[in-house]
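One structure below.
The structure displayed is predicted, hence computed values, not measured ones. The chain is numbered in sequence order, starting from 1.
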Amino acid sequence: MQFFVPLAPAKHFFSRYLRHYPKSLSDAEHADFLVLPFMYEVIYDYADWELEKAGVAQTDVTAMKALAVELDELSVSLQKKLIVFFYRDPDVELPFRNALIFRTSGFQYKVDGQTFGMPAFLSPISGNKDWAIRKKGDKPRVSFRGKAAPLSLPTGIKIRQTLNQVLKTLPVANKVKNFQPEGYLFRRKAMLSCMKAGASMETDFVVNPEWRAGKYKEEYLASFADNDYFICCAGFGNYSFRLYEVMQEGRIPVIIDTDALMPVWDVEVWKEFCVWVPQKEVAKTADHILDFHARLTPLGYESLQIQIKESYQDYLTEEGFANYLIQQLLREWKST
């Protein structure tokens, strides 16, 4: 495959993995794919400090915006797909007419066959320094540490939730703002379900912890060694950063299905190695975890942890995802 990758002040992860492939900086006509050479968020909403960190001057942004328009026009006139990466929370429509768009946040129901999920890339977090496989216990240990709606909801939020439920039945587009991301409310419901399970499972929940000079991070990392299952749900964007942290540590994600774009869906059997909880059944999260845990043999439980960790390395790191795109998805797309 040949890629047309023009020069730009900033580069993205994918550019580094194209070095073994023929590419032209001057001839787009003979390329198989055009590539926007920087992450789209750089020209979409980067703050000054982000531009500075990326080594991009304000004058560069204007030129990069012009390049994006030029590549969009080229992709249409040459009928060649433009590859675009967008690592941001907003579920906005991007201004490209003939592109393959890879994004961290989005909704599956909006997918048009040219939009795909992209992992949230992270550095090794070393929560389980000498990585050890957990043995299967009689009871599943379930963890969540982070931001969520308060377990005891204030009256105002309850009223707004009730109003929004009523508005869903009416032909109106507006909702009452409840000041809690929907994902935070789902996280809360999942935790409450587990807490109601009583003695059938053990829980390790810390909601909206204070950030105290590294103590929270230390405790969060320790939780990966001490627990089996981790609740993963959308936050401000419709994706879960925690999902990738959990998989990196070889632990079992409990995915609350908010119709999020999942990366490498064609090769990853997400519903087989994660506890998959339909959005409408979030109040039954504990039942899903208990059923999943009961189906696993002790050997199967240990093998699953290895499978999750290997899947993360193979497909969800920068190198793994880039290789997946080049070796599988784009090659298949080219042959169609």
Heavy atoms, side chains only, cut-off 4.5 Å: are F224 and Q248 in contact?
no
Under 3.5 Å: donor-acceptor pair, side chain of R188, backbone of P150
yes
Closest non-hydrogen atom pair between L34 and A28, with its separation:
CD2-CB, 3.8 Å
Please step through ring-ring contact (aromatic ring centres under 6.0 Å, His included) for the pair F96 and Y40, ending with a clear verdict.
CA-CA 11 Å; F96 300 102; Y40 181 71; 5.5 Å; yes
Kindly work out whether a path of hydrophobic side-chain contacts (I/L/V/M/F/W/Y, heavy atoms less than 4.5 Å apart) joins Y239 to L122.
yes
Spell out, as yes or no, whether a donor-acceptor pair under 3.5 Å connects the side chain of K139 to the backbone of A199.
yes
Between N98 and S75, is there a donor-acceptor pair closer than 3.5 Å when you use the side chain of the first and the backbone of the second?
yes
Could you check if a side-chain atom of V92 sits within less than 4.5 angstrom of a side-chain atom of R103, using non-hydrogen atoms only?
yes
Between N323 and E319 (side chain of the first, backbone of the second, donor and acceptor by atom type, cut-off under 3.5 Å), is there such a pair?
yes
Supply the atom-to-atom distance F292 CZ to L296 CG, rounded to the nearest 0.5 angstrom.
5.0 Å
Verdict with reasoning, N208 to Y184, per side-chain hydrogen bond (donor to acceptor under 3.5 Å, both in side chains)
CA-CA 11 Å; N208 301 322; Y184 282 23; over 6 Å; no
Hey, does the side chain of D91 reach the backbone of G106 with a donor-acceptor pair shorter than 3.5 angstrom?
no
Are any of the side-chain heavy atoms of Y46 and V61 separated by less than 4.5 Å?
no
Look at atom NZ of K284 and say whether more than 12 heavy atoms of other residues, nucleotides or ligands are closer to it than 6.0 Å.
no
After noting the C-alpha distance and the side-chain angles of M195 and L151, does the key distance pass the side chain to side chain contact (heavy atoms under 4.5 Å, CB included) rule?
CA-CA 10 Å; M195 292 167 69; L151 294 179; 3.9 Å; yes
Could you check whether the rings of F85 and F13 sit parallel, tilted or perpendicular, using 30° and 60° as the cut-offs?
perpendicular
Is any side-chain heavy atom of F4 closer than 4.5 Å to one of K80?
no
With a 4.0 Å cut-off on N to O distance, would you call E302 and K136 a salt bridge?
no
Atom SG of C194 and atom NZ of K196: how far apart are they, to the nearest 0.5 Å?
11.0 Å
Indicate yes or no for a side-chain donor-acceptor contact from W276 to the backbone of I255 under 3.5 Å, with no hydrogens or angles considered.
no
Please find the pair of heavy atoms, one from G300 and one from T297, that lie closest to each other, and give the distance.
N-OG1, 2.8 Å
Side-chain heavy-atom pair H293, M201 within 4.5 angstrom cut-off
no
Same cluster or not: are I133 and F273 linked, directly or through other Ile, Leu, Val, Met, Phe, Trp or Tyr residues, by side-chain heavy atoms under 4.5 angstrom apart?
no
What's the separation between atom CD in Q2 and atom CD in E29, rounded to the nearest 0.5 Å?
12.0 Å
Contact between M247 and K309 at the side-chain level, heavy atoms closer than 4.5 Å - yes or no?
no
Does the pair Y87 and H12 meet the rule for a ring-ring contact (aromatic ring centres under 6.0 Å, His included), with working shown?
CA-CA 11 Å; Y87 195 137; H12 49 52; over 10 Å; no
Are side-chain heavy atoms of V206 and Y220 found at a separation under 4.5 Å?
no
Report the C-alpha separation of N227 and R251 in whole Å, then their side-chain angles, then the decisive distance to 0.1 Å, and conclude whether the side chain to side chain contact (heavy atoms under 4.5 Å, CB included) test is met.
CA-CA 8 Å; N227 295 287; R251 296 298 182 247; over 6 Å; no
Of the non-hydrogen atoms in F33 and L330, which two are nearest, and what is the gap between them?
CZ-O, 3.6 Å
Does one hydrophobic cluster hold both I306 and V246, with members joined at side-chain heavy-atom distances below 4.5 Å?
no
Taking CG in D138 as the centre, count heavy atoms belonging to other residues, nucleotides or ligands within less than 6.0 Å. Is the count above 12?
no
Any donor-acceptor N/O pair, Y216 side chain to R145 backbone, under 3.5 Å
yes
Hey, could you give me the CG/SG distance between L243 and C232, rounded to the nearest 0.5 Å?
5.0 Å
Might you confirm whether atom CD of E93 has over 12 heavy atoms from other residues, nucleotides or ligands at distances under 6.0 Å?
no
One should read off an interatomic distance between F86 CZ and L36 CG, to the nearest 0.5 angstrom, of 11.5 Å
ILVMFWY cluster, I83 and V111 together (side-chain gap under 4.5 Å):
no
Closest non-hydrogen contact found for G117 with L261 is CA-CB, 3.8 Å
May I ask you to test the C233-F144 pair for a side-chain heavy-atom distance under 4.5 Å?
no
Carefully, step by step, assess T285 and F186 under the rule side chain to side chain contact (heavy atoms under 4.5 Å, CB included).
CA-CA 10 Å; T285 297; F186 287 138; over 6 Å; no
If you group Ile, Leu, Val, Met, Phe, Trp and Tyr by side-chain heavy-atom gaps below 4.5 Å, do V267 and L316 land in one group?
yes
Do the ring planes of Y301 and Y229 sit parallel (below 30°), tilted (30 to 60°) or perpendicular (above 60°)?
tilted
Strictly distance-based, threshold 3.5 Å: is any side-chain N or O of N238 a donor or acceptor partner for the main-chain N or O of T258?
yes
State whether the number of non-hydrogen atoms from other residues, nucleotides or ligands found under 6.0 Å of Q328 atom CD is greater than 12.
yes
Which pair of non-hydrogen atoms, one from M64 and one from P9, has the smallest distance, and what is that distance?
CG-CD, 3.8 Å
Short side-chain to backbone donor-acceptor contact, W265 and W270, under 3.5 Å
no
Take M191 and T203, measure what side chain to side chain contact (heavy atoms under 4.5 Å, CB included) needs, and give me the verdict at the end.
CA-CA 9 Å; M191 284 186 282; T203 59; over 6 Å; no
When every non-hydrogen atom of L71 is compared with those of P37, the smallest separation belongs to CD1-CD, 4.0 Å
Backbone of L329 reached by a side-chain donor or acceptor of D266 within 3.5 Å:
no
E50 bridged to R88 by N-O distance under 4.0 Å:
yes
How long is the straight-line distance from CD1 of I231 back to CG of D204, given to the nearest 0.5 Å?
10.5 Å
